[in-house]
S.K.: 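Let me begin by handing over the structure; questions about it come next.
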Amino acid sequence: VAELLTCETESGGAGYLAMERGEGTLDGRAGSFGLQHGGIYDASTDNATPYGAIVPGSATGELAGLRGSAEYQHDDQGAILTLHYELDAGSQ
């Protein structure tokens with residue numbers, strides 16, 4: 001589930017901001033969590049600056065205590081999400 005806001009300028013600049021709720025399993029632990037991410041693109045320099053983070057305190061179930069960052073990349077087949085995360089040892 002995701003909500004997305006975008007902005008594109010006549011000069012080719014662009015930006016987006018998204019909030020997502022993910023559900024699944026990480027390291028054998030099931031639950032859900034919130035993820036906020038976005039990016040800025042400057043056409044004059046062909047520079048993209050993405051950013052993302054797991055929303056603190058948003059994780060449920062066995063993922064409670066999940067924290068970390070997120071990176072989105074795109075290739076010919078679509079979006080690729082890479083999570084850099086930590087799970088509390090006592091979260092199960």
Side-chain angles (χ1 to χ4, degrees):
V1 176
E3 294 287 330
L4 177 71
L5 296 172
T6 63
C7 175
E8 188 172 348
T9 68
E10 290 182 15
S11 63
Y16 85 93
L17 178 63
M19 294 290 297
E20 296 189 50
R21 179 181 172 270
E23 186 172 336
T25 303
L26 293 172
D27 290 339
R29 299 183 188 187
S32 65
F33 59 93
L35 180 65
Q36 180 176 328
H37 60 95
I40 301 293
Y41 175 72
D42 184 342
S44 67
T45 62
D46 195 31
N47 185 35
T49 307
Y51 54 88
I54 296 168
V55 177
S58 67
T60 66
E62 295 173 328
L63 296 178
L66 178 69
R67 61 189 169 282
S69 63
E71 294 177 23
Y72 271 93
Q73 297 176 342
H74 293 85
D75 66 13
D76 293 342
Q77 297 184 351
I80 300 167
L81 169 63
T82 303
L83 290 178
H84 303 277
Y85 63 91
E86 295 179 15
L87 283 165
D88 289 340
S91 294
Q92 292 189 0

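Just so you know, these numbers use all the heavy atoms, side chains as well, and skip hydrogens, waters and symmetry mates. Note that the coordinates shown come from a computational prediction; the quantities given were computed from them, not determined experimentally.
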S.K.: Which residues end up grouped with M19 if you chain together Ile, Leu, Val, Met, Phe, Trp and Tyr wherever their side-chain heavy atoms are less than 4.5 Å apart?
M.R.: V55

S.K.: Are any non-hydrogen side-chain atoms of E20 and L4 less than 4.5 angstrom apart?
M.R.: no

S.K.: Under the side chain to side chain contact (heavy atoms under 4.5 Å, CB included) test, which residues partner S44, sequence neighbours left out?
M.R.: D42

S.K.: Restricting to side-chain hydrogen bond (donor to acceptor under 3.5 Å, both in side chains), what partner residues turn up for T25, sequence neighbours left out?
M.R.: none

S.K.: If every non-hydrogen atom of A53 is compared with every non-hydrogen atom of L35, which pair is closest and at what distance?
M.R.: O-CD1, 3.3 Å

S.K.: Listed by chain and number, what are the side-chain hydrogen bond (donor to acceptor under 3.5 Å, both in side chains) partners of S69, not counting sequence neighbours?
M.R.: none

S.K.: Identify whether I40 and Y16 are in the same connected component of the hydrophobic contact network (ILVMFWY, side-chain heavy atoms under 4.5 Å).
M.R.: no

S.K.: Going by heavy atoms in the side chains, are R29 and L87 under 4.5 Å from each other?
M.R.: yes

S.K.: Starting from the C-alpha separation in whole Å, work towards a yes-or-no answer on side chain to side chain contact (heavy atoms under 4.5 Å, CB included) for Y41 and T49.
M.R.: CA-CA 6 Å; Y41 175 72; T49 307; over 6 Å; no

S.K.: Could you tell me which non-hydrogen atom of S58 sits nearest to which non-hydrogen atom of G34, and how far apart they are?
M.R.: OG-N, 2.9 Å

S.K.: Taking all non-hydrogen atoms of both residues, which atom of G12 and which atom of A43 are closest, and how far apart?
M.R.: O-CB, 3.3 Å

S.K.: Only counting residues at least two apart or in another chain, list the ones meeting side-chain hydrogen bond (donor to acceptor under 3.5 Å, both in side chains) with N47.
M.R.: none

S.K.: Looking only at non-hydrogen atoms, find the nearest pair between S32 and L63 and report the distance.
M.R.: N-CD1, 4.0 Å

S.K.: Report the distance from atom OG1 of T60 to atom CZ of R21, rounding to the nearest 0.5 Å.
M.R.: 6.5 Å

S.K.: Got a sec, which residues hit side-chain hydrogen bond (donor to acceptor under 3.5 Å, both in side chains) with T82, two or more places apart in sequence or on another chain?
M.R.: none

S.K.: Who are the salt bridge (charged side-chain N to carboxylate O under 4.0 Å, His left out) partners of E71, not counting sequence neighbours?
M.R.: none

S.K.: If you round to the nearest 0.5 Å, how far is CD1 of I54 from NE2 of H84?
M.R.: 10.0 Å

S.K.: For Y72, give me all partners under ring-ring contact (aromatic ring centres under 6.0 Å, His included), at least two apart in sequence or on another chain.
M.R.: H37

S.K.: Excluding sequence neighbours, so at least two apart, what forms salt bridge (charged side-chain N to carboxylate O under 4.0 Å, His left out) with E10?
M.R.: none

S.K.: Would you name the heavy atoms of G65 and A59 that are closest together and state the gap between them?
M.R.: N-CB, 4.3 Å

S.K.: Remaining members of L17's ILVMFWY cluster at a side-chain heavy-atom cut-off under 4.5 Å?
M.R.: Y51

